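Counting starts at 1 for both ligands and their atoms, following the listed order. Treat the numbers as computed from the prediction; the structure is a model and nothing was measured.
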Amino acid sequence: MRVYNTLSREKEEFRPLEGNTVRMYSCGPTVYGYAHIGNLRTYVFMDELRRVLKYNGFGLRHAMNITDVGHLVSDGDDGEDKMAKTAREQKKTPWEIAEFYTAQFMTDIDRLNIGRPEIICKATDHIKEMIDYVVALVERGYAYETSDGIYFDIGKLPDYGKLSRANLEEQQAGARVEVNTEKRHPADFALWKKAPKEHIMQWESPWGMGYPGWHIECSAMGLKYLGEEFDIHTGGVDAIPIHHENEIAQAEGLFGHPAARIWMHGEFMLVDGGKMSKSLGNTYTIDQLMERGYDPLDFRYFCLGAHYRNKLNFTFEGMDSAKSGLKNLRAAVHAHKGAPGVLPEEEKASVVAAFDEAINDDLNIPKALGVVWGAARRAEKSNDVYELMRKFDEVLAVDITREPEKPAEDEYVPDAETQALIDARTAAKKAKNWAEADRIRDELAAKGIKLIDTPQGVKAVKA
Ligand code: AMP
Ligand code: ZN
């Protein structure tokens, strides 16, 4: 199995550092709002990695954090804490906000068949571990105190920035005027911040009351659950330049090497070719997709259609084709169920080899899907193909063997005249001619036909 390591910029042959168990860490959600489909794409990628590792026979010790403190609005060291901001807006405590959105996140990942990491750890349960980590960095001379916190001294690491290969000189020249004049370098980052009295979330520390920096959370929990050096660290590409760079710096300060050997990053999801953002109203949630008539697994199948290191553009047309693609795939698979044909051993071996080669080549799931489709379309139907598909679904996790849907009993196929009326009503609605639309609906009702508006369009049923 080969995977692409952002740190080396190469595809590397994967082998666990110790025994047969893969120790892996994934940056989890900041639980201040609903996860959007972009966030969830990153967790589908994380899950594909889990599944491919398992398929290859490895055991898993996988930790994912829940960030419920310390992630500031800016991703850096300034601005309000994201949790505190939402708590203030919703007139709740940050703990209530965290509990609500954590539960929501778990529901979303379950719906998407994303396997739950063996260890799910909350930042606020590990404040002591974080303080210990910071104390050790101070003792080793990698951190210093200012009037508002404890900062990591990146000047102590000649190769700081190696993950993103950022040019610090350029960054510094282009940076906005630094407000914090006590920092030794503009890219020095907070490990711990001293809390003003009104700050809601704060804990005792050797430096008075305060709260942890976001990056130290992952380092401290990774160390606790996975040890000084583990196999794989995952996250979205946006984590590369600041968050993961700083996680690496922290571990280097303490142990002289990055916490993980392999760093893997999922590319972003775009919407209609652009950035997803709350102000544009295009940060869809799984609930919203379900309201529009999609199954969560339609979204998973949509994600699997692109390699995790490529950007994926979300559109509703794309979702529609994923939905029908998955439906057709299940129908094709179902046709093999219980069929008497025999799949010759050599043919089976070559299908399996092609599938394995694709997934083991840095998780090339789109290519693996091509192999799956090829086998599913096989002219002679055979239960052997069905069994093979079940095995492949351990990796794809799209419920490939789900029974194809039967048309609802009350569904009614309109005759040409009725269809013309339905179309006229749809046109009237589109033209915002509500009176005409209602008139046609009443005319149909008089004929005993009821119209139901669904996300896929209008459906006619016998009243
Ligand atoms: P957050 O909850 O903001 O910490 O983000 C959770 C995860 O979602 C992180 O790993 C981010 O890298 C990832 N992420 C954020 N926006 C997107 C996006 N548009 N596409 C894919 N992943 C994203
Ligand atoms: Zn992290």
Self-check item: Side chain to side chain, F299 and L297, heavy atoms closer than 4.5 Å
Solution: no
To the nearest 0.1 Å, how far is [atom] from its closest protein heavy atom, and which atom is that?
atom                    : value
atom 16 (N) of ligand 1 : F268 CZ, 3.4 Å
atom 20 (N) of ligand 1 : M269 N, 2.8 Å
atom 10 (O) of ligand 1 : G236 N, 3.2 Å
atom 15 (C) of ligand 1 : N39 ND2, 3.1 Å

Practice problem: Report yes or no: does a heavy atom of H36 sit under 4.0 Å from some atom of ligand 1? | Solution: yes
Exercise. Using a strict cut-off of less than 4.0 Å between a Lys/Arg side-chain nitrogen and an Asp/Glu carboxylate oxygen, indicate whether R309 and E267 qualify as a salt bridge.
Key: no
Quiz item: Under 4.0 Å between a Lys/Arg side-chain N and an Asp/Glu carboxylate O for K183 and D188?
Solution: no
Self-check item: L326 to D298 - nearest heavy-atom pair and separation
Solution: CD2-OD1, 3.7 Å
Self-check item: Atoms in ligand 1 with a heavy atom of D238 nearer than 4.0 Å
Solution: 11 (C), 12 (O)
Exercise. To the nearest 10 degrees, could you say what angle the Zn ion (ligand 2) makes with SG of C218 and NE2 of H243?
Key: 110°
Exercise. For K156 and D153, run salt bridge (charged side-chain N to carboxylate O under 4.0 Å, His left out): C-alpha distance rounded to whole Å, both residues' side-chain angles, the deciding distance at 0.1 Å, then the answer.
Key: CA-CA 6 Å; K156 293 276 178 356; D153 187 352; 3.1 Å; yes
Exercise. Validate the cation-pi geometry between R184 and Y144: distance from NZ or CZ to the six-membered ring centre under 6.0 Å, angle to the ring axis within 45°.
Key: yes
Exercise. Tell me whether the guanidinium CZ or amine NZ of R261 lies under 6.0 angstrom from the six-membered ring centre of F230 and within 45° of its axis.
Key: no
Have a look at [options] and point out the one with the heavy atom closest to [atom].
atom                    : options               : result
atom 23 (C) of ligand 1 : P29, G33, G38         : G38
atom 13 (C) of ligand 1 : T42, V31, T30         : T42
atom 6 (C) of ligand 1  : Y43, W214, F314, Y308 : Y43

